[in-house]
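What's counted below: heavy atoms across the whole structure, side chains too, no hydrogens, waters or symmetry copies. All ligand and atom numbering here is 1-based and tracks the order in the structure. It should be emphasised that the depicted structure is a prediction, and the values quoted were computed from it without experimental measurement.
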Amino acid sequence: MLSLRAPPRTFSPSPWRRRGRLDGFAAPRCVSAAPPATTLETATARPAGVSFPILVNGCTGKMGVSVAEAATSRGLHLVPVSFSSRENLDKTIQIGDVDVEIYGPSAREDVLSSVIDEFPDVVVVDYTAPNSVNSNAELYCKLGVPFVMGTTGGDQQLLYKSVQDSNNYALISPQMGKQVVAFLAAMETIAEQFPGAFSGYRLEVLESHQAGKLDTSGTAKAVIACFEKLGAVFDMDRMVKIRDPEQQLYMVGVPEEHIEGHAFHLYHLTSPDDSVSFEFQHNVCGRSIYAEGSVDAAVFLYKKVQSMDPKRIYDMIDVLQEGDMW
Ligand SMILES: NC(=O)C1=CN([C@@H]2O[C@H](COP(=O)(O)OP(=O)(O)OC[C@H]3O[C@@H](n4cnc5c(N)ncnc54)[C@H](OP(=O)(O)O)[C@@H]3O)[C@@H](O)[C@H]2O)C=CC1
Ligand SMILES: O=C(O)C1=N[C@H](C(=O)O)C[C@H](O)C1
């Protein structure tokens with residue numbers, strides 16, 4: 001196991017502990033490359049090229065707000081409605097000049113039906129919580145509204161089944177950051193082409209996210225599935241999940257200003273005789289990479305619905321393959 005206290009004999013698979021290296025590697029890049037989400041989005045946003053109504057579910061949360069802001073700055077029409085797990089919240093959230101009204105669970109079906117009547121070509125983007133993934137997807141499928149599922153967790157098999165059975169359109173991805181998706185796509189290609197190439201290698205994984213993250217990194221799970229196809233051995237119970245801000249600051253090296261919004265991932269592979277090791281990292285500060293990717297995903301899905309594309313269920317690799325990457 002990758003222990004935070006006792007690094008293995010030959011290699012330390014935890015470069016996050018080697019402060020010198022991280023000080024000069026991951027952390028400073030984040031400091032300079034990740035201004036607050038809204039600024040980056042506003043400064044670099046391209047127009048979406050098309051305009052359509054977009055409803056962002058989860059606007060009481062951090063990703064919901066970031067996606068809603070990115071959508072408006074890309075010229076999409078933000079539907080002034082979102083949902084919460086709480087009843088009678090009586091709350092509006094201001095996104096640009098749009099006041100988004102928040103409805104509780106008992107109103108969501110009626111409200112969403114009215115939205116669909118008023119905006120028949122609406123696309124929903126979901127950034128809520130792992131325990132609402134399946135019930136939200138059921139509702140979108142029941143009402144036939146296309147959706148982008150950015151929320152991780154839940155029962156993923158059931159999620160895909162709901163979409164398949166309803167013949168709805170959906171784009172599902174635990175990772176909307178296009179550059180990270182490109183890494184994941186490369187991993188999937190390698191796994192496909194060279195199954196067993198890392199046979200017997202031990203895999204150790206660390207992921208660090210803001211303390212409020214409820215589930216294990218969905219991205220890490222997807223990358224681990226590729227390493228397993230390559231033959232590496234991994235016990236999911238031994239994943240090192242870091243949610244403690246102190247550890248994130250002093251061990252992982254997350255810049256202080258990103259403690260409340262970061263996603264650091266480290267994968268370390270060691271050969272059976274300890275003579276060879278590999279290490280991969282993707283470290284994200286802030287949320288703009290996901291917000292922009294989510295808007296691209298919504299645009300992609302909207303176009304697929306309009307062209308009545310027969311595939312109907314997509315992921316972010318499909319978006320990249322369409323060449324929509326900047
Ligand atoms: N695919 C990707 O690239 C990324 C995925 N994520 C995932 O997105 C999800 C949200 O992340 P984040 O915004 O940081 O989390 P937050 O906790 O900030 O926000 C989640 C929000 O969801 C709301 N919520 C919970 N249940 C429901 C429900 N049934 N209906 C509507 N709203 C609900 C909560 O508000 P309330 O209390 O009002 O209900 C909360 O404000 C997580 O699963 C995370 O892993 C995050 C980043 C990138
Ligand atoms: O909750 C987050 O923040 C993130 N969640 C996604 C995941 O679980 O993989 C993507 C990224 O890690 C940020």
Practice item. Using only heavy-atom distances, determine whether the side chains of H268 and E279 contain a donor-acceptor pair under 3.5 Å. Key: yes
Review point. Are any of the heavy atoms in S173 under 4.0 Å away from ligand 1?
Key: yes
Exercise for review: Salt-bridge test for K91 and E101: reply yes if a basic N is under 4.0 Å from a carboxylate O, no otherwise.
Suggested key: no
Check your understanding: To the nearest 0.1 Å, how far is atom 40 (C) of ligand 1 from its closest protein heavy atom, and which atom is that?
Key -> T60 OG1, 3.8 Å
Study note, to complete from the structure: Nearest non-hydrogen protein atom to atom 5 (C) of ligand 1, with distance, is G150 O, 3.0 Å
**Study point:** Sub-4.0 Å heavy-atom approach of P174 to ligand 1
**Key:** yes
Check your understanding: Would you say H265 contacts ligand 2, with heavy atoms under 4.0 Å as the rule?
Key -> yes
Exercise for review: Compute the ring centroids of Y267 and H282, then answer whether they are less than 6.0 Å apart.
Suggested key: yes
Study note, to complete from the structure: among protein heavy atoms, the one nearest atom 44 (C) of ligand 1 is T152 OG1, 3.6 Å
Practice item. Would you check whether M176 has a nitrogen or oxygen atom less than 3.5 angstrom from a nitrogen or oxygen atom of ligand 1? Key: yes
Check your understanding: Can you find a non-hydrogen atom of Q210 under 4.0 Å from ligand 2?
Key -> yes
Check your understanding: Evaluating non-hydrogen atoms only, which member of P174, G218, A263 is closest to atom 10 (C) of ligand 2?
Key -> P174
